[in-house]
Amino acid sequence: MSYQADEKGYYGEFGGAFIPEMLYPNCEELRQNYIRIMQEESFKQEFDQLLKDYVGRPTPLYFAERLSKKYNTKIYLKREDLCHTGAHKVNNTIGQILMAKKLGKNRIIAETGAGQHGVATATVCALMGIECVVYMGEIDIARQAPNVARMKMLGAEVRPALSGSRTLKDATNEAIRDWINNPVDTHYIIGSVVGPHPYPDMVARFQSVISEEIKWQLKEKEGREKPDFVIACVGGGSNAAGAYYHFLDETEVGIIAVEAAGHGIDSGESAATSALGKIGIIHGSKTLLMQTPDGQITEPYSISAGLDYPGVGPMHANLFATGRGEFISITDDDAMKAGLMLSKLEGIIPAIESSHAFAIFEDRKFKENDIVVVNLSGRGDKDLNTFIDYFKLA
Ligand SMILES: *Cc1c(COP(=O)(O)O)cnc(C)c1O
């Protein structure tokens, strides 16, 4: 039994491609070609070169000495916060822009909520000189002005989604509509391990560079490739998928997924999908999803925009359902405290998403000799205003 996707894009009972007829040609073209293209020598060379010279990989695997002492175990940080643009998301957008070029596409669309994926997409479109349209809910455009400005500086067009709640899901609907109308020249860059097959598997493969590096870096530092535990925060699940990827079927490596409990699992304001979700279909994928008894998607909440998603990707739904992964949810308050704690202990200001992963050490104990790798998915610059308001720093 494997925890990887099968040929049809299923992780156990989760995944697949539940899409309208009119989207079938787009997804099918991608499905038939993505693995072949990713295995081409010229593709691999260009991908590796850009990850090295443009993104700044390999990112360090850093032994956090003071953090380790505090929690009495050996903690390593995988420094995705040092990637160009400040988070892991660019690993995927670099991969997908190269994929789009190989497929002969000359126009990119994307959807974004907080704007992080929009910025990562606009970045690689500028890099390649390719037209870029980013759909974003009207409400989110107002809330996320700095990222809207970044996208515009990078040459992207930001199109407001004016329907429904005017947030991420409405932006997603607009992007899908655009893709249906432009099947030949346009590639849709999805930002996490979500959406119809082959997206979850394709995005996981692009992000798998994270665990590929962890293996040889840990071998150098500790004489073995496998840690005892890998910990990552989960929104849609792409940084986690990348950090787990090469350990998924190595069951002696513990996998820990950290979700956002917002104001508390039972508060009605959270994004703790594993605790609250039921099987459903979102964005073309069968997965765990927060929904009302009659199947309406519940509005998620988290202080961190990147974890504010009502589902998880199918890989993670399967890790939860099979018990392969241990799922922990962390409240806003505990995440904020952990972000401040890491800043003071290690001189690293983490993204609030990543801060959730560090909060687990308060309750989840590890053995003194355990080697625990935490994926530090992004840096906290983008969250400074939230930190300022929360801790009254100004
Ligand atoms: C977007 C984001 C996340 C959540 O997305 P995943 O697909 O779950 O990784 C986590 N951390 C940071 C820093 C992000 O920008």
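For reference, positions follow the sequence shown, starting with 1. When a ligand or atom number is given, it counts from 1 through the structure's own listing order.
- Considering both main-chain and side-chain atoms, V234 never comes within under 3.5 Å of ligand 1 through any nitrogen or oxygen pair.
- At a 4.0 Å heavy-atom cut-off, ligand 1 touches H88 through the side chain alone.
- Remark: minimum distance from atom 5 (O) of ligand 1 to any protein heavy atom is reached at G306 O, 4.0 Å.
- For ligand 1, the polar-atom distance check finds no N/O of C233 at less than 3.5 Å from any of the ligand's N/O atoms.
- When E80, R379, Q116, K89 are checked for heavy-atom proximity to atom 1 (C) of ligand 1, K89 turns out nearest.
- Close contacts of ligand 1 with S192, meaning ligand atoms under 4.0 Å from a residue heavy atom, involve 6 (P), 7 (O).
- Remark: of the listed residues V90, I210, L51, V90 is the sole one forming a side chain to side chain contact (heavy atoms under 4.5 Å, CB included) with C83.
- Between Y244 and Y3, the ring centre distance reaches or exceeds 6.0 Å.
- Near G235, the atoms of ligand 1 lying under 4.0 angstrom from a non-hydrogen atom of the residue are 8 (O).
- Nearest protein neighbour of atom 6 (P) of ligand 1, counting heavy atoms only, is S238 N, 3.3 Å.
- In terms of protein heavy-atom proximity, atom 11 (N) of ligand 1 is closest to S377 OG, 2.8 Å.
- Using the six-membered ring where Trp is involved, F391 and F387 have ring planes that are parallel, under 30° apart on the 30 and 60° scheme.
- If you look at Y71 and F366, their ring centroids are not closer than 6.0 Å.
- Side-chain contact between K382 and E353 is present, with heavy atoms from C-beta onward closer than 4.5 Å.
- Of the N or O atoms in N239, one or more lie within a sub-3.5 Å distance of an N or O in ligand 1.
- Within ligand 1, counting atoms from 1 as listed, the ones closer than 4.0 Å to a heavy atom of G378 are 13 (C).
- Side-chain atoms of K78 and T59 include a donor-acceptor pair closer than 3.5 Å.
- Below 30°, between 30° and 60°, or above 60°: for Y309 and H283 the angle between ring planes is between 30° and 60°, a tilted geometry.
- I108 and Y54 end up in the same hydrophobic cluster when Ile, Leu, Val, Met, Phe, Trp and Tyr side chains are linked at under 4.5 Å.
- For A351, every heavy-atom contact with ligand 1 shorter than 4.0 Å involves the side chain, none the backbone.
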